[in-house]
Amino acid sequence: MEHHAEVLLGEVWNQRIPSWRDAVAVVLLLAIIMLLGSGARQMVQPFTLSQPSAITLAPAALPYYALRTTMRMLAALVASLLFTLTYATCAAKSRRAEMILIPLLDVLQSVPVLGYLSFTVVFFVALVPGNVLGPELAAIFAIFTSQAWNMAFSFYQSLRTIPTELDEASRSFRFSGWQRFWRLEVPFAMPGLVWNMMMSMSGGWFFVVASEAIAVGSINIALPGVGSYVALAIQQRNLAAVGWAILAMTVTILLYDQLLFRPLVAWADKFRYEMTAAPIVPRSWVLDLFRRAALIQSLSAPLGQTLRGMVRARLTVPRPRWPAALTPPQRAADLIWWGILLAALGGLGRTLARFAEPEISWGDVGVAVADGGLTLLRVIILIVLATLIWVPIGVGVGLRPKLAEKVQPVAQFLAAFPANLLFPVVVYLIVRFALDPKIWLSPLMILGTQWYILFNVIAGASAFPNDFREAATCFRIKGWRWWREVILPGIFPYYVTGAITASGGAWNASIVAEAVSWGPTRLDGSGLGAYIARMTAAGDYPRIALGVAVMSVMVVGMNRALWRPLYALAERRTRLA
Amino acid sequence: MNVQAGTPIVEMRSVGKAFAKPSGEPIPVLVDINLALHEGEIVGLLGRSGSGKSTLLRIAGGLIQPTSGAVFYRGQPLTAPAAGIAIVFQSFALFPWLTVLENVEVGLDALGLAPAEARRRAMAAIDLIGLDGFQTAYPRELSGGMRQRVGFARATVIEPVLLLMDEPFSALDVLTAETLRSDFIDLWIQRQLPTKSVLLVTHNIEEAVLMCDRIFVLSTNPGRLAAEVPVLLPHPRDRGDAEFRGIVDELYATLTSRMTEAIGAQGKIHGGLVQPLPAVSANRIAGFIETLVARPYEGRADLATIATALDLDVKDLFQVAEALHIMELAELSGGSIKLTAAGRVFAQSGTDDRKRLFGEHLLHFVPLVAHIRRVLLERANHLAPSVRFESELEDHLSSSDAEQTLRAVIGWGRYAELFTYDATTRAFSIP
């Protein structure tokens, strides 16, 4: 990408003499390259399905497992980026492609991530037979599905909202399509893209852990990683090993944040479109280190120059021009296009019906829908509970800037931490005290995602204008009236954002949260998540598909009926201008 | 500068532009524009907001295609942005993620120069425009004036034959704008710029007279070239100069007479229901009347004088003046504004009387207000959705004009307590 070039080229005041910074930077760089290289080699090892690679519970193996897990995250991130840059660009540039790609993205986004896994693992194992790369790809694909959609949406939105003035400037300077993409479109979309990458990453840890130990029907895979480690710990009822895994994951996420995301966010700050300087400029010691390390700077300068040259090259693709006489009028072309789409849709529908007909009866649909109702009820109750708990706490924290500064990173970390690593602890307690799984498994669904509510509310309360608070104090607005008339409307848009994320996450988590085990003990909380998990274990593809479809419909329904109107309301009511 | 004969740099022949309404009906923005820019001259396009002057500039730049007529750049039909044409934007349109130097080099990207050559030319342009030392700064670190200097450097680095300037100084404060203007004129008269011709779009009358060799006045709704005023004064020009003041006054008079003509003409279409109204708050109108009635004006003022005295943007001044003229609280003629008897009464009244008087004038002279009020009274629940009136307006006005007109009507109606408006339900009502 272009803009690494600019970072590496650095500022002109750099001294070109090696310094202590170079030593640190070189060590850091070499270490990262070496680790990633060895991890990548492991990913293409030969592998047989009948003999899953041995996982050991020795804590000493954990750093290696953490590395493998991280590799999957990185690979998925790269794949998501590629997907975003192509898919969203097509959707934004072609009106006809947009007609299919955007609704499709909307649907893809609402399919539970782990629902994909059951289907794709067979495909990927068959794709690269006898090599561990197959299951690796399946796991990577699962993470990909947890982050690609919202990144693509964000990029598409940015492309559609390029400011007129910059568009006109680029056109009047006669940028080629390639130049326009790298000079205008990608930079403009960058802040949104980085933000969405971060949000997806938080979810990604959850899915990487869930997708490493895969059991679909007869296929049983345990990829070396933290997820498989925990799966084995659960099998062997080893609570200490679970503790070690939690520690390893904590360290991994913190490192990832420091080495990848902080630098990324600090670097992406320059792409903000606002012309005013940010009140708080994001900083990263890693980025500062590399920017100031003279040797690294001078060594990477040629690379930077090459990248920059590539971006600035015109690279015009001669477009085949249809003779005007042969070009059908727009209306007719649209009709033909719609015809093709409808035919394809009809064909797909018939294939699906034929696939489902002998297997699935209306009774099955009834069961899935009823289970879905139970899960829906759980999600609603959990969101209400989390709101009652975290909104007052979030407001309390957010209005105290000193405290908020300390709590906010913790809340963000908790949101990123894969809650499924904590499941065994809860399950152990449920088994120990013989609690009813139908009730006590439910909190697991929101264990990881409730933090989104907390940190959004904190952000909202911190951003609440001081004038309003002073006005409220001045007019002696207190107690319940203060909550109802002052602070709740103030944080409402932030709360809605957090609650949407939390609710989506809860649906996704239900697949691993409603059916859990501890050694030989299996707990089934019933519900749609448990239904999908059961069918996955049995390898019953038609019913997995049914469960996934029902869940998608419910998620879409909830978004349309509840969250979107709330979001629109929040946007409308809290604007002054 | 001498106007030379020969092939014009840019020539427009019967150029018209219309935007399609949702209903498919075209709304003309520009009608029958004939103009030619020759080598060695700065030509000004002067008009009020909504006169389509920015659209005209974009047509000259090849960014927008006219719906009728033809544009020629050095004798060749212009159908897309061409090499040799550069634009300076009102909002600067700099890339916030590129440094000053990179922003200037952006202009050269399309030329496919060798990096070293591009760097050399960019540095030369930066030097010429007075940006030395700022090469590595990002636009957000710069003041508005420095940002627009980058805009100028980026435009001049490609050595344009034709330079298009879209209100380049209007986003700057008065002092900064003055410096930039005189710096530009210095470069121009010393022939340090390779540019052969400049088209300047502005709503600032003095700016046009300071810089241009010829000024075209555009009328509104739709935009037409209403007058051409040559400025033969030598540079540097003096604002206090009698001849200078004369041209400024002439332009004010032309613009106001265009405005009163337009108001008269629009009052005749559809009973004046679709007359575009300026979105000026009632407070602003009241404040202006109070100023006008007091000394030294005592009810009558030259627009040019009052604009300078109050440091009012010409755009804002014309909007207030238009509102007053429409409501017959004041009368515009020959570049001056005079309070009517009603206007004087308004100035001397208390709040309630002011509201009553304002309401009476609205019902009399703004047919749209009377129409809304009538519809509300006819209905049993005294309630009407704004969509009902919006769609009527949008059949005849551009969507931005329609929105502005509705905003004006809502503000005035609320002030006069003729009706209220609920933004959540988007409905008018009489309580």
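Sequence lines set the chain letters: A, B, ... in the order given, protein chains first and strands last, and positions in each chain run from 1.
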- Item | B:A82 portion near chain A, given a 4.5 angstrom heavy-atom threshold | backbone
- Query: Between the side chain of A:R171 and the main-chain N/O of B:P81, is any donor-acceptor distance below 3.5 Å?
  - Reply: no
- Turns out that what part of B:R58 lies under 4.5 Å from chain A's heavy atoms comes down to side chain
- More than 12 heavy atoms of other groups within 6.0 Å of B:Y421 OH: yes
- Query: If you tally heavy-atom pairs under 4.5 Å against chain A, which of B:P115, B:A423, B:G107, B:S91 wins?
  - Reply: B:S91
- Item | side-chain contact (heavy atoms from CB on, under 4.5 Å) partner of A:F173, chosen from B:V106, B:I87, B:L111 | B:V106
- Interchain contact, B:L63 with chain A, by part (heavy-atom threshold 4.5 Å): both
- Message: Are there over 12 heavy-atom neighbours, none belonging to A:R484, within less than 6.0 Å of that residue's CZ?
- Response: yes
- Over 12 non-hydrogen atoms of neighbours within 6.0 angstrom of CH2 in A:W563: yes
- Message: Run the salt bridge (charged side-chain N to carboxylate O under 4.0 Å, His left out) test against A:K93 and tell me which residues pass, sequence neighbours left out.
- Response: A:E185
- Is any residue of residues 157-168 of chain A within less than 4.5 Å of chain B by heavy atoms, and which ones? A:E165, A:L166, A:E168
- Proximal component of B:E105, with respect to chain A [non-hydrogen, under 4.5 Å]: both
- Message: Can a donor-acceptor pair be found, under 3.5 Å and without considering hydrogens, that links the side chain of B:W97 to the backbone of A:A268?
- Response: no
- Task: Fit a plane to each ring of A:F175 and B:F95, take the angle between them on a 0 to 90° scale, and name the class: parallel (under 30°), tilted (30 to 60°) or perpendicular (over 60°).
- Result: parallel
